[in-house]
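Please read the structure below before turning to the comments.
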Amino acid sequence: MGRRGAVSAAESPASPHRLHLKLMADEKEFRYDPAEIETKWQQRWAADPALYAAEPAASGKPKYYVLEMLPYPSGQLHMGHVRNYSIGDALARHMWMRGYNVLHPMGWDAFGLPAENAALKNNTPPRDWTLANIAAMKRQMQRLGLGYDWATEVTTCLPDYYRWNQWFFLRMYEKGLAYRKKSKVNWCPECATVLANEQVIDGRCWRHEDTIVEQRDLVQWFFRITEYADELLEGLDKLDGWPEKVRTMQRNWIGRSEGTEVDFSLEGSGEKIRVFTTRVDTIFGATSVQLAPEHALVANFTASDAVLRAQVDEMIAEQKKARETGDIGAIEKHGVATGKFAINPYNGEKVPIWVANYILADYGTGAIMSVPAHDERDFEFATKYGIEIRRVIAPAAGGEEPELPFVSEEGVLVNSGEYDGLSCEAAQKKLQEIAASGVFGEAKVTFRLKDWGVSRQRYWGTPIPMIHCEKDGMVPVPDDQLPVLLPEQIEITQQGGSPLGRVPEFVNVECPKCGGAAKRETDTMDTFVDSSWYFYRYIDAKNSTAPFGRELAGYWFPIDQYIGGVEHAILHLIYSRFWTRVMRDLGLTKNNEPAERLFTQGMVIKDGAKMSKSKGNVVSPDDMVARYGADATRMYALFAAPPDRDLDWQEDGVAGVSRFLGRVWRLVAKHAEAARAGRGQSIEAPQGVTLKLLRKMHQTTAKITQDFEGRWHFNTCVAAIMMLVNELQGADAELSAGEVPPAAMHELLRTLVLLLAPFAPFVAAELWEELGEEGAVLRAAWPVSDPELAKEDEIEVPVQANGKLVTVVRVESGADQETLKKAAMADSKVQSRIEGKTIIKVIVVPGKLVNLVVR
RNA sequence: GCGAAAGUGGCGGAAUUGGCAGACGCACCAGACUUAGGAUCUGGCGGGGUAACCCAUGGGGGUUCGAGUCCCCCCUUUCGCACCA
């Protein structure tokens, strides 16, 4: 196809001989021109929305839901997106060709701060800015030839989506899963809003890595994710289609720890100091009680003690600073004795009460019993301050007394009164029971996971559907008044407080209960609310009476394959699992987990570093597509590394893939006429070069099919296609001389195009047409490898002497041990190598190798 | 500190179960063709050696007829967690 005079195929149905005639007329004119082919097919695909559309369940085909994480509409795709979507699209296309009913949707995580920042900077309304970005990125995706069903597109910032956020919020409020409380929260001064714990990374904002997150006391809305903590944890064990790394990260994040709460009493008062411990078996070794500086009791102590007050304040400041800079683990342990004492309820022993800087107010009860002999930190602390260190656990195995601290639980109790001799495990159980029956404690499970703070003091998010009435208190917005629309014309400023609070028309409402004057909640929801359930909306994106239909969810869920970056291992993926369970309990879905399988792809890096504007090493997808075409860009993204590893972007590599596609192009064009002549004919008793080529073709098919089914090493799939093409090209003389019958030629080129289709959809579509095939290549059946034809009839077997390679012998592929051995011994190189030596042993692995052990 | 993954030519990477280390591609070199091109085609390309051969998968040890692959120790890099009681 030449640059000049090409008629858009959308206008005229393809002339089957077009390419070939062009080739004859002017060989040089026949050049692989990705821009032209890709434009043509992009138009055709746009005109045929059914091509990538999912079918109803009644299609009878097995369903396959493949999902890539939806992007934030920043306005520009980056290479990480291109890689993510190239993987998903290859899989989707493969599954289509395998005859599945594939759902492959795309959408936009469209609420968020950047839109407000852009509004400030350019004086553009966030909505306009966002929608323009979406349009731009959608164009990029279409230019890349990604096969999405745009009829199901979801844009989270539009009312028909976010009204369901509000609807879910109300359902959660009714179930007590959404609640309000005052608490210490993470505050990013740069975002001027609260952040969830999950959004604080090393004490810094997840969006501003140089901005230290502050702690503030605010009244906030929370989702009770902790209600599902155990279930979220247990569910991980069954998620064997998820990477172990992600599961481990979630386990750590949930941080379940089983232990006992025990009340020590404050000497000289009836007050109780409740401590949490995982090692109640060591309680006879408790030689002090340690309180967090912010513990409620500490305030009582300091009220009458100015010196103590000052010391505690200093510790609070220190903890705050450490928390903010993220080196909480690094501060030196220190503390101060309060002069007060606590009574151990098990033995009535009086131990001193300290305040220590390493005790956290928000974990456990904010108070611990300190057992220096059997805990690293307590040991360090006690050594520093000369607090008694008392051994109460001896190794179960007996023998010498181990050095302290002895933290193992493989032990028995000593110096523990009537409990001496019990194993740690037994003692924990026993002491727990005693605490419960004596009403001075109980078994307790503590989690690191905290409830999800969802209030944001920002404009560009889902309004929280709540109304504050002086008379009726907190009143939910009735369902029939949803959505609570986000006002459109609003001035964005960087003043404190929620921007919505400055919009009187929004704020002032009638109370739905009493009809009196009331005020709307002005905080908006965390954008992670949007992304927690978006993939359910795809299946029923136009539904105006429910977030989605139950039946449809039953059909499509769980997602068969979810693909995205590992950076969402905690945030998005834990919230999604939570949300799925909430929906299940609302009776909307049956599945416990959103996705059966999760794949986390590696990062795209350049020159060994993550691409970033500040490093100036950003590669623009548009640029790549303009220079080498979408097919080459996508195929390189799959070829340069296995999908789970980091990928080093090398532009020369893209050029290489582009050259390869040019070779395929010319190869098929050159022999297309012969191939077309062989359509519908059957191949009979192939031999010689025909057999050789067909064999390679079947081997390649088998390899790629297998990879799609499990390993996903698409880099080697592309390499295998290259080898097949190299082999075909190497036989060019025979092909041109007509030595390969048309039927075989047809089969070879047709299969080559089919194998290429998931990776380079544009070239595949064009060549499919060129071969005179009907219908979309996407709906053609994936080729099946014939093991008989894939089998070599002769193989090369290495012959070793003492494990070192001597030579390679050719034998029939089914050759038995004896034949192999004979062939090896007959070889002249082997002969000269073993001359004058004794053969001690001969190892023959049929089909693999011969190894002679000689001396 | 704890946990996980990784370390192979100049570069990206291959070797799926212990069986020819370096597939495929990039870069580079040589040649062909040529209205000279960032096009296409052919060949070469881990290191040493004229050669027979020898050496080589972060380092050291081990198991084995045979180790990039399994085991032990160590080094480096990346990621995650890190006063969680």
Side-chain angles (χ1 to χ4, degrees), chain A residues 27-28 31-32 202 243-246 248-249 251-253 255-257 259 275-279 282 290 292 319 322 326-333 356-360 362-371 375-378 380-381 446-448 566-567 569-570 602-603 608 627 636 639-642 644-657 659-660 662-663 666 703 706-707 710-711 713 715-723 725-726 729 732 796-808 832-833 840-845 847-854:
Chain A
E27 194 148 353
K28 281 184 63 187
R31 202 170 267 184
Y32 169 55
D202 289 337
E244 193 49 52
K245 181 189 164 87
V246 171
T248 304
M249 283 167 73
R251 273 190 202 104
N252 290 339
W253 186 261
R256 184 180 199 273
S257 119
V275 305
F276 174 71
T277 177
T278 53
R279 293 295 307 276
T282 65
Q290 308 275 348
Q319 274 193 342
D327 17 72
I328 269 217
I331 53 175
E332 208 201 316
K333 290 176 192 36
N357 69 338
Y358 69 99
I359 308 302
L360 307 171
D362 61 356
Y363 185 79
T365 59
I368 65 154
M369 62 174 202
S370 177
V371 185
D375 182 277
E376 297 274 358
R377 288 156 312 183
D378 295 348
E380 190 189 325
F381 194 86
T446 297
F447 292 94
R448 206 185 84 109
V566 75
E567 65 274 16
I570 302 286
M603 280 192 308
R627 253 182 253 196
Y636 175 75
F639 176 60
D644 55 335
R645 294 247 291 258
D646 285 353
L647 181 157
D648 193 52
W649 195 271
Q650 296 184 358
E651 191 171 330
D652 285 335
V654 190
V657 172
R659 281 199 292 273
F660 164 72
R663 288 214 308 277
R666 289 186 296 276
K703 191 253 176 301
Q706 211 181 347
D707 247 302
R711 216 171 58 130
H713 278 201
N715 54 330
T716 60
C717 290
V718 174
I721 298 175
M722 287 173 169
M723 279 155 74
V725 170
N726 289 348
Q729 221 180 350
D732 190 62
E796 291 189 335
V797 174
V799 182
Q800 301 179 334
N802 296 335
K804 294 221 167 128
L805 184 71
V806 177
T807 188
V808 171
S832 63
R833 180 67 72 92
I840 297 164
K841 200 173 169 187
V842 182
I843 287 138
V844 183
V845 185
K848 290 281 186 188
L849 95 167
V850 179
N851 189 15
L852 309 168
V853 187
V854 297

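Chain A is the first sequence line, chain B the second, and so forth, proteins listed ahead of strands; every chain is numbered from 1. Quick note: numbers below take in every heavy atom, side chains included, and nothing from hydrogens, waters or symmetry partners. Everything numeric in this text was worked out from a predicted model, so none of it was measured.
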Taking for each residue the nucleotide of RNA chain B bearing the nearest heavy atom, is the 5' side occupied by A:D375 or by A:V808?
A:V808

A:Q800 versus A:N802, side-chain donor and acceptor atoms under 3.5 Å:
no

Using a heavy-atom cut-off of 4.0 Å across all strands, would you classify A:G255 as base, sugar-phosphate, or nothing?
nothing

Separation of the C1' atoms in B:U8 and B:C24, to the nearest angstrom:
16 Å

Between the CG atom in A:L805 and the CG atom in A:L849, the distance rounded to the nearest 0.5 Å is 9.5 Å

What one should report as the nearest heavy-atom pair of A:S257 and A:Y363 is OG-OH, 3.5 Å

Short question: side chain of A:N715, backbone of A:A640 - any donor-acceptor pair under 3.5 Å?
no

Whole-angstrom distance between B:U17 and B:C70, as gauged at atom P
9 Å

Table of protein N/O atoms under 3.5 Å from nucleotides 53-58 of chain B N/O atoms:
| unit_1 | atom_1 | unit_2 | atom_2 | d |
| --- | --- | --- | --- | --- |
| B:C55 | OP2 | A:K804 | NZ | 3.4 |

In whole Å, what separates the P atom of B:A67 from that of B:C55?
12 Å

Between B:G12 and B:U78, how far is it from one P atom to the other, in whole Å?
16 Å

Roughly how many Å apart are B:C33 and B:U40, using the C1' atom of each and rounding to a whole number?
8 Å

Output a table of nitrogen or oxygen pairs between the protein and nucleotides 41-50 of chain B separated by less than 3.5 Å.
| unit_1 | atom_1 | unit_2 | atom_2 | d |
| --- | --- | --- | --- | --- |
| B:C41 | OP1 | A:Q729 | NE2 | 2.9 |

Output, in order, the C-alpha distance, side-chain angles, deciding distance and verdict of side-chain hydrogen bond (donor to acceptor under 3.5 Å, both in side chains) for A:R663 and A:Q729.
CA-CA 8 Å; A:R663 288 214 308 277; A:Q729 221 180 350; 2.9 Å; yes

Which letters describe nucleotides 61-69 of chain B, given B = protein heavy atom under 4.0 Å from base, S = only from sugar-phosphate, - = neither?
----BS---

A correct 5'-to-3' footprint of nucleotides 5-16 of chain B, with B, S and - meaning base, sugar-phosphate only and no protein heavy atom under 4.0 Å, is ------SBSSSB

For a quick check of understanding: with a heavy-atom distance under 4.0 Å over all strands, which category does A:T277 fall into, base, sugar-phosphate or nothing?
sugar-phosphate

With syn defined as a glycosidic angle within 90° of 0 and anti as everything else, classify B:G80.
anti

Which part of the nucleic acid, if any, lies within contact of A:D378, taking any heavy atom under 4.0 Å across all strands shown: a base, the sugar-phosphate backbone alone, or nothing?
nothing

Dump the pairs, protein N or O against N or O of nucleotides 79-81 of chain B, anything under 3.5 Å, distances to one decimal.
| unit_1 | atom_1 | unit_2 | atom_2 | d |
| --- | --- | --- | --- | --- |
| B:C79 | O2' | A:K245 | NZ | 2.8 |

Please give the distance between the P atoms of B:A30 and B:A23 as a whole number of Å.
22 Å

RNA chain B in dot-bracket form (Watson-Crick or G-U pairs under 3.5 Å, [ ] crossing, | inter-strand) is (((((((..(((......[....))).(((((.......))))).(((....)))..(((((..]....))))))))))))....

Can you check whether A:K245 reaches A:M249 side chain to side chain, under 4.5 Å on heavy atoms?
yes

For the atom pair CE (A:M369) and CG (A:D375), what is the distance rounded to the nearest 0.5 Å?
9.5 Å

Is there a side chain to side chain contact (heavy atoms under 4.5 Å, CB included) between A:V806 and A:L852 once you walk through the steps?
CA-CA 10 Å; A:V806 177; A:L852 309 168; over 6 Å; no

Rounded to the nearest 0.5 Å, the CZ atom of A:R659 sits from the CG atom of A:D652 at a distance of 8.0 Å

Write down the distance separating the C1' atoms in B:A82 and B:G59, rounded off to the nearest Å.
30 Å

d(A:E567 CD, A:M603 CE) to nearest 0.5 Å is 8.5 Å

With a 3.5 Å distance limit and no angle check, can you tell me whether A:D378 reaches the backbone of A:V371 through a side-chain donor-acceptor pair?
yes

Show your working on side chain to side chain contact (heavy atoms under 4.5 Å, CB included) between A:Y636 and A:L647 and close with a plain yes or no.
CA-CA 10 Å; A:Y636 175 75; A:L647 181 157; 4.3 Å; yes

So, OP1 or OP2 of B:A85: does either fall under 4.0 Å of a side-chain N or O from A:T365?
no

Tell me, please, whether A:Y358 has A:K333 positioned over its six-membered ring: NZ or CZ under 6.0 Å from the ring centre and within 45 degrees of its axis?
yes

Derivation of the side chain to side chain contact (heavy atoms under 4.5 Å, CB included) call for A:I840 and A:V854:
CA-CA 5 Å; A:I840 297 164; A:V854 297; over 6 Å; no

Ignoring hydrogens and angles, tell me if any N or O in the side chain of A:D707 forms a donor-acceptor pair with the backbone of A:C717 under 3.5 Å.
no

Euclidean distance for C1', B:U57 against B:A52 (whole angstrom)
26 Å

